[in-house]
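Comments concern the structure below.
Numbers here are sequence positions counted from 1.
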Amino acid sequence: MQVPSKVKLVDVGPRDGLQNEKEPVPAAVKIELVHRLQEAGLREIEVTSYVSPKWVPQMADAAEVMAGIARRPGVRYSVLTPNMKGFEASLQGKPDEIVIFGAASEAFSQRNINCSIAESIDRFAPVVEAARAKGIRVRGAMSTAVGCPYEGEIAPERVEMFARRMKEIGVQHLGVADTIGVGTPRKVQRAMEAALKHFAIDDLSGHFHDTYGQALANTLACLEMGIWQFDASVAGLGGCPYAKGATGNVATEDVVFMLDGLGIETGIDLDKLVDAGKFISDFLGRKPNSRAATAILNKRVQ
């Protein structure tokens with residue numbers, strides 16, 4: 001089996017992982033989580049989101065969090081900016097990368113960002129242009145690339161259409177997301193093949209939720225295609241308020257354990273990563289949603 005020798009992981013825990021927590025997480029805790037992740041060797045961290053506090057109150061402290069991070073050379077700090085207002089607000093925090101997010105499903109687009117797919121692209125275009133003019137990297141995220149809670153299975157043609165539109169407006173990297181975790185390896189490969197018609201393999205990543213326990217299998221299926229970049233969330237934090245029943249993102253600890261076993265280099269210290277996951281899980285008052293972390297923590301006690 002030919003798989004990449006090196007994999008880049010983006011930890012989305014501080015943003016995607018925490019955004020749906022009902023109880024406020026103080027900025028100091030978010031900052032400490034980012035520090036622990038970079039200490040563990042993460043070089044790509046999705047820190048926060050510049051969205052309306054009315055819709056996502058957990059991210060109301062975006063500016064404070066970005067200002068409080070002790071930045072490390074070689075680490076890329078990304079933020080979500082869904083529109084020009086969010087992008088302009090983000091500039092003070094000097095993000096290395098902005099993320100815009102849309103959906104392959106028309107119904108999900110309407111429910112999630114209150115506009116059609118076409119309208120979302122029109123909204124993103126000036127953001128992409130402004131970011132690139134300032135030398136800020138632009139990553140796009142495609143939700144519901146495999147299945148949608150409202151429309152069911154999503155055809156690869158829809159994925160290709162969305163990927164083409166993102167490429168046309170200047171998006172440099174595309175993340176293909178199985179937002180509700182219904183994907184299985186072949187379905188995910190078909191979605192990736194559709195996106196690869198418009199994005200080079202080095203400009204594509206996978207983002208898998210583990211609702212049905214398929215996230216690691218889907219990651220392996222992508223590795224077999226040569227895809228070497230993935231999102232993951234420390235301690236398996238996260239979910240989606242618009243996708244009923246969707247559990248968190250695949251746990252970064254579980255992905256790193258699998259990649260270590262395959263002899264694939266990540267640059268991440270698994271023990272320090274487990275510590276970071278335990279830190280935020282202890283604050284949230286629950287155990288990490290990671291099997292690898294649970295096993296390692298149990299072993300430590302023994």
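- Under the 3.5 Å distance criterion, the side-chain polar atoms of Gln189 are matched with a main-chain donor or acceptor of Ala221.
- Within 6.0 Å of the CD atom in Gln92, the count of heavy atoms belonging to other residues, nucleotides or ligands does not exceed 12.
- Salt bridge annotation for Arg190-Glu157: absent, with no cationic side-chain nitrogen under 4.0 angstrom from a carboxylate oxygen.
- Salt-bridge check for Glu21 with Arg15: failed, with every basic side-chain N at 4.0 Å or more from each acidic carboxylate O.
- Figure legend: cation-pi geometry between Lys167 and Phe199, with NZ or CZ positioned under 6.0 Å from the six-membered ring centre and within 45° of its axis.
- Between Leu223 and Trp228, the closest side-chain pair of non-hydrogen atoms is not below 4.5 Å.
- Remark: Arg137 does not engage Asp96 in a salt bridge, criterion side-chain N to carboxylate O under 4.0 Å.
- Residues Asp178 and His207 bring no donor and acceptor atom of their side chains to less than 3.5 Å of each other.
- Side chains of Thr184 and Gln214: no donor on one and acceptor on the other come within 3.5 Å.
- Residue Thr252 is tested with Leu273, Leu37, Leu237 for a side-chain contact (heavy atoms from CB on, under 4.5 Å); the sole match is Leu273.
- Looking at Asp231 and Val250, their side chains never come closer than 4.5 Å, going by heavy atoms from C-beta outward.
- Counting only N and O atoms by type, the side chains of Ser205 and His173 include a donor and acceptor under 3.5 Å apart.
- A donor atom on one side chain and an acceptor atom on the other are not found under 3.5 Å apart for Arg158 and Ser105.
- Comment: Arg164 does not engage Glu160 in a salt bridge, judged by the lack of any side-chain N to carboxylate O separation of less than 4.0 angstrom.
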